[in-house]
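Written out below as structure tokens is the structure these notes cover.
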Amino acid sequence: MAPHRCLLLAVITLAVTITLLPVATANKHTPQSHRHQKQPQQQRQPHFLTIFTAPKPYTSILDPSSPHADPQRRALLSWLRLRPSPKIVLLGNDSSFHALARQFPAHVAVESAIDTNFYGVPQVHSVIARAQTADTPVSMVINADIVLLNDVMAAMRKVHESFRHWVVTAARWDMPEDFPYSFEREMWAGRGHREHEATIREFVRTHGTLHTYGGVDFWAWNNDDRTPVPLVKETVPPFSYGRGKYDNWLTHEIIASGLREIVDASEAVTAVHVAHSYSHVVESAFTKNAAGLAGKSFWSTRVNSSWELFANIHLAHTHGTYANQKGTPLHVPVKLMNCLEASANFLCLQRRLRPAVCSCEYSSSVAASQTDPKLSAKQQQWTCGSVASTNVTDYTINPIPHTANSSSSSSSSSSAGTGNPANSSSSSSPSSSPVGLPHTMEQLLPVLARRVPDGQGGELQVVTLVAVTAGYAEMLMSFVCRLRSLGLASNLLVAALDEDLYRFAFTQGLPVYYEQASEEVKHMRASECGYGSQCFRHFTKLKSRSVLKVLKAGYSVLWTDVDIVWFTDPLPDLLSYGSGTLPIQSNEPDANLPGTGVRRINSGFYFARADQKTVEAFEAITAHAAATKLSEQPSFYDVLCGEAGELVAAGREECVWKNGLRTVFLDRARYPNGAVHGLWEQKDVSRACAKVGCSILHNNWISGREEKMRRFLMNDMWHYDAERHMCVWEWHGKVPPLVRHGGDGIGRVETSEGAGGAMQRKRVRKQASAAAL
């Protein structure tokens with residue numbers, strides 16, 4: 001009797017809903033539709049919809065002989081058949097994206113100005129923000145493998161005519177791999193377009209299964225230039241797109257925020273997902289060569305092999321009010337469906353009085369759903385799907401690697417994978433700890449290293465290394481954002497000098513490891529260490545020790561402090577100095593004096609090759625620094641040039657150490673410190689740097705973090721929005737303002753109508769200045 005009661009409740013739920021504004025979707029001349037078309041915004045725009053998607057690289061998008069090779073190809077071709085034709089924006093920078101844009105120049109564009117994790121996977125907060133800046137009446141964010149039919153356009157028109165601020169989502173239809181429709185152009189020629197869509201729709205609804213209780217694959221919403229409204233009150237965390245949890249979190253927060261009407265169009269929209277392998281998720285950069293992993297079940301393996309999923313689960317349970325897989329289509333308060341009393345050409349909006357009260361709701365209206373009633377063999381009870389149970393404490397970020405004997409714990413459900421990858425081991429892992437959890441230096445180096453010729457017929461593996469404490473987290477992110485804008489972030493490795501910085505960088509998707517030498521100074525809180533204090537000096541000495549470990553692992557290091565602005569890629573020039581050299585910045589402020597003056601080495605920027613001479617020098621530097629009460633910087637000069645400069649080569653800007661290593665002081669026009677040439681005092685610092693040929697510019701010769709931040713901000717060289725946890729891109733100023741006032745002290749950002757990138761930068765500048773003060 002239980003399933004019958006559930007089905008009866010579903011019917012009753014439909015019967016007691018409030019029907020709103022039934023509209024004939026086939027009739028273009030209804031009064032509401034006519035009024036909407038006369039709005040100036042609609043007349044100005046050639047497109048109604050912009051579709052944003054974050055695909056993996058297309059493998060066969062240009063190969064018409066293999067229509068089923070790439071499920072993303074089928075999906076994109078289906079979008080191109082929507083009417084009116086949408087704009088399609090591919091988020092990323094893969095060469096296959098640009099090939100598509102060249103093939104369909106009127107419809108497809110590529111957007112590479114997007115935040116990503118270090119695998120290059122776009123991050124959800126940046127994807128949503130970019131989609132909110134579209135110049136069309138409607139934006140959509142959709143998974144790249146979801147096929148759409150034109151009923152989605154009818155659904156959005158209906159909702160667009162009914163609500164001022166709205167979001168539409170829908171459950172997808174799951175189909176097997178032998179789905180017979182490829183959406184090749186020849187299939188759509190002539191007058192059979194509507195008939196062909198009707199055939200596909202009938203086939204899907206007869207043979208498919210409605211995915212009612214699991215992930216959500218798309219969101220569409222209207223853009224209002226006059227009164228822009230965000231989707232959620234809560235700041236969207238930096239989830240990795242396509243890696244789980246973010247979809248239910250976002251849907252739940254849209255519902256909970258109440259800023260927009262959100263509509264479940266599952267019964268009105270045919271969104272199709274064709275089965276395929278999830279190897280692009282399961283096979284991370286750490287595990288792609290591990291035996292036996294490829295092709296396994298998505299949910300059963302990835303929870304123990306994906307740091308991205310782990311981070312997403314952590315973020316979902318530490319932001320907003322999400323819990324236990326809320327945010328499914330069944331939780332959406334308004335439902336769009338064919339009107340019960342009219343023909344199939346009419347759509348009705350109905351308000352659910354008790355959303356998600358019965359997970360069998362769709363069982364009586366579709367051929368098959370994910371939550372069809374099932375009889376439990378053990379308990380002899382009928383159930384309609386299950387909720388994934390997630391223990392939040394299982395997803396605490398621990399920077400210390402566990403041993404191979406760590407216990408494992410995992411569970412699964414029909415709708416999601418859960419478990420404790422931080423405390424479990426995997427037989428497919430190449431290390432003793434679970435794959436990438438936590439990140440370690442040894443795991444990250446081969447993933448990040450940039451291979452370059454060594455000038456002697458061989459090859460160097462180079463990483464850009466930084467080491468920071470939590471007090472410099474935002475400055476680190478501004479530095480990262482700058483590298484992203486230059487296309488130079490893929491080789492960056494972050495050494496966390498305290499646990500708080502590791503946790504922050506991990507959730508930001510950065511390639512970070514915990515420098516375990518930090519355990520020696522763990523009793524000191526880095527955030528409480530004032531500039532120049534003994535505590536501060538202790539932490540600086542960890543930097544050269546981090547470099548030495550990387551060198552001994554066989555990787556060369558381009559070391560940079562995060563208070564340095566990069567203008568170009570410095571590595572080609574640094575490589576030109578050849579083997580047996582250590583090119584390093586001079587801290588001499590007077591351009592008329594030699595850069596080799598006593599203790600004028602600046603250890604904030606240099607290039608160290610992984611050779612025996614350099615390793616010996618760094619062993620001497622770290623030993624010298626450990627024996628002094630000063631910071632590590634004087635030790636560089638005292639070791640490499642002699643305490644009185646006795647190792648300085650006469651007439652040359654270099655020192656020669658006892659083993660023959662040449663320490664070459666870099667040109668101060670190309671690699672200026674914070675005092676030379678008075679660059680920071682110029683009205684336009686960037687232009688002044690371009691004039692003298694800067695490759696980098698150090699923000700030093702100024703005391704303390706707060707003053708450094710202020711100097712960056714006042715000179716338009718701050719590239720991170722700490723309020724939204726994302727980089728400041730050219731489109732950033734068009735993002736709707738935040739409306740919440742949370743317990744973290746982040747207040748409301750006032751709306752500036754028509755604000756561009758400069759206005760957004762001013763808001764970021766004001767916010768960061770307040771934080772610094």
Side-chain angles (χ1 to χ4, degrees), residues 52-57 89-94 97 110-133 139 141-144 215-219 230-232 234-251 253-254 280-281 284-285 306-320 322 395 397 436 439 473-474 476-485 487 489-490 492 494 503-512 719-732 735-736 738 760 764:
F52 293 84
T53 190
K56 61 179 181 178
V89 179
L90 308 179
L91 301 169
N93 200 30
D94 188 77
F97 302 176
V110 178
E111 176 62 272
S112 59
I114 203 82
D115 293 66
T116 66
N117 68 25
F118 74 91
Y119 282 175
V121 176
Q123 293 177 307
V124 173
H125 64 332
S126 192
V127 170
I128 296 296
R130 176 63 182 89
Q132 288 179 296
T133 69
S139 292
V141 170
I142 186 170
N143 288 350
V216 179
D217 291 87
F218 79 87
W219 304 265
L231 302 186
V232 298
E234 176 70 32
T235 301
V236 179
F239 296 110
S240 293
Y241 191 89
R243 302 303 190 259
K245 282 296 182 185
Y246 70 93
D247 46 355
N248 297 129
W249 183 95
L250 181 61
T251 304
E253 291 300 324
I254 293 172
H280 66 289
V281 176
S284 73
S306 173
W307 67 265
E308 295 165 300
L309 174 59
F310 181 92
N312 278 11
I313 295 173
H314 172 84
L315 289 168
H317 286 285
T318 53
H319 292 73
Y322 171 86
Y395 294 90
I397 298 171
H439 298 330
E474 291 179 8
L476 165 67
M477 287 308 303
S478 182
F479 176 78
V480 170
C481 292
R482 179 59 177 172
L483 292 195
R484 286 174 179 169
S485 70
S490 59
L492 178 68
V494 180
R503 295 186 181 97
F504 170 82
F506 180 85
T507 59
Q508 294 290 317
L510 299 185
V512 61
H719 306 283
Y720 178 62
D721 184 343
E723 194 165 23
R724 289 189 171 91
H725 308 297
M726 71 176 70
C727 297
V728 177
W729 304 100
E730 287 301 317
W731 48 262
H732 203 81
V735 180
L738 298 172
Q760 174 61 25
V764 175

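Because only heavy atoms are used, hydrogens play no part in the values below, and waters and symmetry mates are left out as well, while side chains stay in.
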(message) To the nearest 0.5 Å, what is the distance between CG on Asp721 and CG on Asp115?
(response) 10.0 Å
(message) Please check this pair: side chain of Thr251 against backbone of Asn248, looking for a donor-acceptor N/O pair closer than 3.5 Å.
(response) no
(request) Could you pull out the closest heavy-atom pair between Gln132 and Pro736, with the gap in Å? (result) CB-CD, 3.6 Å
(message) Looking at every non-hydrogen atom in both residues, tell me the closest pair between Glu111 and Trp731 and how far apart they are.
(response) OE2-CD1, 3.9 Å
(message) Check whether Ser478 reaches the backbone of Glu474 with its side chain - one donor and one acceptor, N or O, closer than 3.5 Å.
(response) no
(request) Please name the pair of heavy atoms, one in Gln123 and one in Pro238, separated by the smallest distance, quoted to 0.1 Å. (result) NE2-O, 3.7 Å
(message) As an exercise, state the distance from CZ of Phe310 to CG of Leu315, rounded to the nearest 0.5 Å.
(response) 10.0 Å
(message) Within the structure provided, determine whether Leu510 and Met477 are in side-chain contact (heavy-atom separation under 4.5 Å).
(response) yes
(request) Indicate yes or no: at least one non-hydrogen side-chain atom of His319 is less than 4.5 angstrom from one of Thr235. (result) no
(request) State whether a side-chain donor-acceptor pair under 3.5 Å links Trp219 with Asp247. (result) no
(message) Can a donor-acceptor pair be found, under 3.5 Å and without considering hydrogens, that links the side chain of Glu253 to the backbone of Leu231?
(response) no
(message) Quick check: do Arg484 and Cys727 have side-chain heavy atoms less than 4.5 Å from each other?
(response) yes
(message) Quick check on side-chain contact (heavy atoms from CB on, under 4.5 Å): which of Phe239, Tyr395, Trp249 does Ile313 satisfy it with?
(response) Tyr395
(message) How close do Phe97 and Leu91 get, counting heavy atoms only, and between which atoms?
(response) CE1-O, 3.7 Å
(request) Kindly give the heavy-atom pair with the smallest separation between Arg243 and Leu309, and that separation in Å. (result) O-CD1, 3.2 Å
(request) Return yes if some donor-acceptor pair links the side-chain N/O of His125 with the main-chain N/O of His725 below 3.5 Å, else return no. (result) yes
(request) Could you tell me whether the side chain of Ser126 reaches within less than 4.5 Å of the side chain of Trp729, counting heavy atoms only? (result) yes
(message) Measuring only between side-chain heavy atoms, which start at C-beta, is Ile128 closer than 4.5 Å to Leu250?
(response) yes
(request) Might you point out which heavy atoms bring Val110 and Gly92 nearest each other, and give the distance in Å? (result) CG1-O, 3.2 Å
(message) Using modelled atom types and a 3.5 Å cut-off, is there a donor and acceptor pairing between side-chain atoms of Asn312 and backbone atoms of Gly244?
(response) yes
(message) Just verifying a value: how many Å separate Tyr241 OH and Thr53 OG1, rounded to the nearest 0.5 Å?
(response) 5.5 Å
(request) Kindly indicate whether the side chain of Arg724, heavy atoms from C-beta on, has any atom under 4.5 Å from the side chain of Val735. (result) yes
(request) First locate atom OG of Ser240, then atom CD of Glu308, and finally report the distance between them rounded to the nearest 0.5 Å. (result) 4.5 Å
(request) Check whether any side-chain heavy atom of His732 sits under 4.5 Å from a side-chain heavy atom of Met726, and report yes or no. (result) yes
(request) Kindly indicate whether the side chain of Trp307, heavy atoms from C-beta on, has any atom under 4.5 Å from the side chain of Asn117. (result) yes
